[in-house]
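Heads up: the structure comes next, in structure tokens.
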Number of protein chains: 2
Amino acid sequence: MRPISNSGEILCHSCPARKSRLCSALDEKAIYELDAIATRIEIKPHGYLFEEEDPSDYVYNISTGIGLLERLSSDGRRQIMAFLFPGDFAGLLPDAIASVSAKALSRLTACRWHIRDLDALMERHPELEHRLRRIGGRVLATTLDQVFVLGCKNAREKLAYFLLHMEHRQKAALGPRETLHLPMTRVDIADYLGITVETVSRVFSKIKREGLIELPDPNNVVIKQREHLQDIAEYYPDGH
Amino acid sequence: MRPISNSGEILCHSCPARKSRLCSALDEKAIYELDAIATRIEIKPHGYLFEEEDPSDYVYNISTGIGLLERLSSDGRRQIMAFLFPGDFAGLLPDAIASVSAKALSRLTACRWHIRDLDALMERHPELEHRLRRIGGRVLATTLDQVFVLGCKNAREKLAYFLLHMEHRQKAALGPRETLHLPMTRVDIADYLGITVETVSRVFSKIKREGLIELPDPNNVVIKQREHLQDIAEYYPDGH
DNA sequence: CGTATTCTTGATTGGCATCAATCCAGGTGG
DNA sequence: CCACCTGGATTGATGCCAATCAAGAATACG
């Protein structure tokens, strides 16, 4: 059976997210059908995949590029809920109960499904719903980690957590790298951790002086003392 | 068809959480089966429903009483992830990826299902999995609200959010009340909001002096100026 | 009724925010 | 090719909100 996409250059079988948690281990027939109801979309840097006000009728799966989920308050404060890597999902809240926007940090391509189409497909492939539930569970687990960090940790601990978490995400999405690339600005990091840009910058400088990391340039980090960082953050993404 | 519980005084048909999002609108047969694989459990005040280290092989649905989900760090800091009201679920993370404990604030009764039993039942009743997915979606939405509050808001705004949120939860679980009962201590509130007991106490006193609330006693609040509180918290649980 | 626990209030400290200036790389146009 | 501009990053000076330390008041409990 040859996969046919209804609208785009990347087909499921050649998709960078082919091994994503939604597609992998689905049988050929299900993948074919999933492909048939998918729309390929592309967002330019700084563009939005969807915004708070939009009716949340779609589920997205990032194929390539980096994005973020953010929420804004009326007086301009911003909280970043997550950074999006290839394979990640967005728009998993069908009730439109969560108002977040998804913004592209780089050129970004994604698969989009209409909720109704997905619901219909799930009726015939219950395995699909099971997978979506597990994906949701992982998102929740990560969000609980974030709650813990925001509620309990100081600036130094927050940044240590951030670096290790980003390294972990990047490894999962793109494979192991020798240096950690940070595609976001210092402001983004600050808004993710609930601190200010200046504080982020200061802590970067401090842990660099202390030899915990190297900073070839602001967007690239070499972690020199992983265990020390893990102890600071109390975060061990791959076990102790 | 008469419902038969395998272990307890409360049957599904007389369950206080009977109208919970899991059971409601399931057909009689599914409810019967759900009942058959449920275990009724009871926890004393300050006891634990489950703890961080436990293998998370169970899903729980609170029947009566109040509880909380907490995570502790090695140096004693604590973050409360949620307060549990009748009808709420806990243990929704099958991967054991989220280490949280569930503690009882009062005498607490709950339904417990083994994941395996539930998985087997879902094979025959896909509607059940669909419901669990939606429940998980709601939990995630609430947790995202919490992230926003922890990351962006000051002590005053946090407490305003807390009061309105608790009122909303209490209304949903127990029906409308004229006064808001707070079954948790000031320390619990502090650990939920990422601030200290003293700060909680001070803000309570302040908004009481300002006439936003009345405090007949520390555990009961009468909200006098709901709209003002909503504006402080930027939180409108039932729309504007 | 005494003891423990929780809550509240006061005094002081400190970590991070705020305000402000400078640095630096990349892009643009003369 | 270079002067200029711009947005992001860094560093410094100062101030403030909430943490910390400490003590007293209120309430629950054996």
Side-chain angles (χ1 to χ4, degrees), chain A residues 45-46 66 68 73 75-80 103 105-106 149-163 180-210 213-221 232, chain B residues 44-46 68 73 75-80 103 105-107 149-163 181-210 213-221 232:
Chain A
H46 311 300
I66 310 282
L68 58 80
S73 73
D75 58 355
R77 283 176 277 181
R78 182 176 75 143
Q79 178 63 42
I80 291 179
K103 187 179 183 179
L105 286 175
S106 64
V149 168
L150 288 173
C152 287
K153 308 224 172 273
N154 63 30
R156 182 183 172 84
E157 295 163 341
K158 283 177 174 177
L159 193 63
Y161 164 79
F162 174 78
L163 292 175
L180 170 60
H181 180 69
L182 301 177
M184 68 291 289
T185 68
R186 295 287 188 264
V187 175
D188 291 333
I189 298 173
D191 288 348
Y192 179 73
L193 296 175
I195 52 182
T196 60
V197 214
E198 295 92 331
T199 299
V200 170
S201 195
R202 275 183 245 276
V203 177
F204 260 118
S205 301
K206 186 125 190 289
I207 63 178
K208 177 184 171 185
R209 275 198 304 278
E210 295 170 344
I213 61 166
E214 282 174 9
L215 274 177
D217 68 273
N219 291 317
N220 285 288
V221 182
I232 292 172
Chain B
K44 294 198 212 337
H46 310 300
L68 58 81
S73 73
D75 59 353
R77 283 177 275 182
R78 183 176 73 144
Q79 178 63 42
I80 291 179
K103 186 180 184 179
L105 286 175
S106 63
R107 176 178 174 278
V149 168
L150 288 173
C152 287
K153 306 222 171 280
N154 63 29
R156 183 185 172 82
E157 295 162 341
K158 282 176 175 178
L159 193 63
Y161 164 79
F162 173 78
L163 292 174
H181 180 69
L182 301 177
M184 68 291 288
T185 67
R186 295 287 189 264
V187 174
D188 292 333
I189 298 173
D191 288 348
Y192 180 75
L193 296 175
I195 54 183
T196 59
V197 213
E198 295 93 328
T199 299
V200 170
S201 195
R202 275 184 245 276
V203 177
F204 260 119
S205 301
K206 185 125 190 291
I207 63 178
K208 178 185 170 183
R209 277 198 304 277
E210 295 170 343
I213 61 167
E214 282 174 8
L215 274 176
D217 68 274
N219 292 316
N220 285 288
V221 182
I232 292 172

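Just so you know, these numbers use all the heavy atoms, side chains as well, and skip hydrogens, waters and symmetry mates. A, B, ... follow the sequence lines: proteins, then strands. Residue 1 opens every chain. Owing to the predicted nature of the structure, the values given are computational and were not obtained by experimental measurement.
- Between the CG atom of A:D191 and the C1' atom of C:dA17 there is a distance of 14 Å, rounded to whole Å.
- The nearest whole Å value for the distance from the CG atom in A:L193 to the C1' atom in C:dC16 is 14 Å.
- Residues that satisfy the side chain to side chain contact (heavy atoms under 4.5 Å, CB included) test with B:S106, not counting sequence neighbours, are B:I66.
- Inter-residue side-chain proximity for A:I213 and A:L215 is flagged as met; some heavy-atom pair is nearer than 4.5 Å.
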Working for salt bridge (Lys or Arg N to Asp or Glu O under 4.0 Å), residues B:D191 and B:R186: CA-CA 9 Å; B:D191 288 348; B:R186 295 287 189 264; over 6 Å; no
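- In this structure, the side chain to side chain donor-acceptor pair (under 3.5 Å) partners of B:K206, at least two apart in sequence or on a different chain, are B:E210.
- In terms of the side chain to side chain contact (heavy atoms under 4.5 Å, CB included) criterion, A:S201 has no residue partners (sequence neighbours excluded).
- Close approach of DNA chain D to chain B, defined as any atom under 4.0 Å from a non-hydrogen atom of the protein, starts and stops at D:dA18 to D:dC21.
- Using a cut-off of 4.0 Å between Lys/Arg side-chain N and Asp/Glu carboxylate O, A:D188 and A:K103 are scored as not salt-bridged.
- Applying the side chain to side chain donor-acceptor pair (under 3.5 Å) test to B:D75 and every residue at least two apart in sequence or in another chain returns B:S73, B:R77.
- Residues satisfying the side chain to side chain donor-acceptor pair (under 3.5 Å) criterion with B:N219, sequence neighbours excluded, are absent altogether.
- Rounded to 10°, the helix from C:dC1-D:dG30 to C:dG30-D:dC1 has 30° between the axis fitted to its first five pairs and the one fitted to its last five.
- A:A190 pairs by the side chain to side chain contact (heavy atoms under 4.5 Å, CB included) definition with A:V200, not counting sequence neighbours.
- With sequence neighbours left out, the side chain to side chain contact (heavy atoms under 4.5 Å, CB included) criterion links A:S205 to A:R209.
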Look for any protein N or O under 3.5 Å of an N or O in nucleotides 23-26 of chain C and output each such pair with its distance, or none.
none

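- Using a distance-only test at 3.5 Å, with no hydrogens or angles considered, no donor-acceptor pair links the side chain of B:Q79 to the main chain of A:V149.
- With sequence neighbours left out, B:K44 forms a side chain to side chain donor-acceptor pair (under 3.5 Å) with no residue at all.
- Contact annotation: the side chain of A:L159 never approaches that of A:T199 to less than 4.5 Å [non-hydrogen atoms, C-beta and beyond].
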Protein N or O to nucleotides 9-11 of chain C N or O, pairs below 3.5 Å:
{"from": "C:dT9", "atom 1": "OP2", "to": "B:S205", "atom 2": "OG", "distance (Å)": "2.3"}
{"from": "C:dG10", "atom 1": "N7", "to": "B:R202", "atom 2": "NH1", "distance (Å)": "3.0"}
{"from": "C:dG10", "atom 1": "O6", "to": "B:R202", "atom 2": "NH2", "distance (Å)": "3.2"}
{"from": "C:dA11", "atom 1": "N6", "to": "B:R202", "atom 2": "NH2", "distance (Å)": "3.4"}

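- Remark: C1' of C:dT8 and CG of B:N219 are 14 Å apart, rounded to the nearest angstrom.
- For the pair B:L105 CG and C:dT6 P, the computed distance is 12 Å after rounding to whole Å.
- Contacts of A:N154 with the nucleic acid, taken as non-hydrogen atoms under 4.0 Å apart, involve only primed sugar atoms and P, OP1 or OP2.
- Summarising the geometry, the separation between CZ on B:F204 and P on C:dT8 is reported as 7 Å, rounded to the nearest angstrom.
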